[in-house]
> 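Structure below; questions to follow.
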Amino acid sequence: MATDDAMPARPMPRFPDGFLWGVSTSAHQIEGAAGLRGPSVWDAFTAEPGRVKDGSTADVACDHYHRYREDVALLADLGVDAYRFSVSWPRVDSPGGLDFYDRLVDALCAAGVRPVPTLFHWDLPAGLDWLERDTAARFAEYVSVVAGRLGDRVGKWITLNEPAEHTLLGHALGVHAPGRKLLFDALPAAHHQLLAHGLAVRALRAAGAADVGIANSHGPTWPASNDPADREAAEFYDLLLNRMFADPVLTGRYPEGLGDLMPGSPGEVAADLEIIGEPLDWYGVNYYAPTRVGAPQGAEIEFGGVTLPAELPFSVREIEGRPLTDFGWPVVPEGLTELLTGFRDRYGDRLPPVVITENGCSYEGLDDRDRIAYLDGHVRALHRAMEAGVDVRGYFVWSLLDNFEWAEGYARRFGLVHVDFTTLERTPKASYGWFRDLVRHGR
Ligand code: FCB
């Protein structure tokens, strides 16, 4: 790979010893082998015509289930310290399903790559429903089973991936599985996922885990103008997408007014918050871009592949003057510095060490200089947050492989490694070589 001339000229600042460099994936997006697991809500959603833009399914995806050895070799060659993958609950519920993760974890350990499993990355077993409180208890049972089997080799655990997106896209707007358009009636799905997180932390602790976190998606919210109506709308958006998921986990409280909207009596919600606020060893942040938000405009808005209904109390606007990824997301590295220093200011001592559990971009091509520029800018922005005193312990690129990008199908390529979805051949991109150099240098 053309690493030398692809490497931006400015020297990269040094990161502390022990800083964790890694890459991320998720089960539904890469594993395939759909016949060897039970169905998830994503299988049913994908089967509905028009739900996935290119009409594809994740039945084969990257066929990682059968090719995991090759993928572990790619990780070893990349030289990363850690690999964040997710465990598929419907696979674990199927005969022999846990054996796969057992083999994967063994292969990772043998390659000197630390396994970092996420226990839920959106592929809920068909028949379960986050609107039902009982799903949280079922999740904790499944977590105990996984921890019992893998806990001797896995130290670092992630309970949930992005309950905010799963609530918003899956339950409020209906563009992800399970495809519900409930708008604010989707809030129980948020509360039950948060409860599931807290119960999972307890289950992991009971199994002896000492390094537990969550992967929440966050981004700065920028008001469209100084107009009070825009500022108010932006604050509300920030409350829904950032604070609703960070406050209860980090402080054991919902932001003012939100707790009253959650299912259960005030006493029940308060009891749940005790569980949700179980102390964490670290806090995972998935960062892609900030959002510019203004007062509602009384019309539907097309944004990042999603149609936002007119009745929402905010509207999302373009961030102008920035390069856009193929997904149309603006490239704003300093948003990561702003986000992290803002978190430190907001949560103070309640914020445990942070790990960036996802950061990346979709671009076509093997000579992906745009991806290198994106990652380079974000790693530097991260370092600036550390210089400003934020305790950050790791950085994971989304993603190792091009994969099934949910409602976008295979049209969005986020990988450091290109996947030909006809032959399933893997080819490292220029960014793979760049990241390998960075990891080496970072040490
Ligand atoms: C995140 C998801 C991940 C992937 C990236 C692009 O929101 O966690 O699965 O889809 O976006």
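Both counts, for ligands and for their atoms, begin at 1 and track the order of listing. In this chain, numbering begins with 1 at the start of the sequence shown.
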> Answer yes or no: is there an ion pair linking Arg103 with Asp99, defined by an N-O contact shorter than 4.0 Å?
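No salt bridge links Arg103 with Asp99.
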> Heavy-atom count check: over 12 atoms from other residues, nucleotides or ligands less than 6.0 Å from Arg69 CZ?
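Open: at most 12 neighbouring heavy atoms sit under 6.0 Å from CZ of Arg69.
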> Looking at Phe327, I'd like to know if the NZ or CZ of Arg412 sits under 6.0 Å from its six-membered ring centre while staying within 45 degrees of the ring's axis.
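That pair qualifies as a cation-pi contact.
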> Report the relative orientation of the aromatic rings in His28 and Phe404; use parallel for angles under 30°, tilted for 30 to 60°, perpendicular for over 60°.
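His28 and Phe404: perpendicular rings.
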> Counting only heavy atoms and a distance below 4.0 Å, can you name the residues contacting ligand 1?
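Lining ligand 1: Gln29, His121, Trp122, Asn161, Glu162, Tyr288, Glu358, Trp398, Glu405, Trp406, Phe414.
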> For Glu48, is the CD atom crowded, meaning more than 12 foreign heavy atoms sit under 6.0 Å from it?
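Buried by this count: over 12 neighbours within 6.0 Å.
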> For Glu318, does the CD atom have more than 12 heavy-atom neighbours from other residues, nucleotides or ligands under 6.0 Å away?
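No, because the 6.0 Å sphere around CD of Glu318 holds 12 heavy atoms or fewer from other groups.
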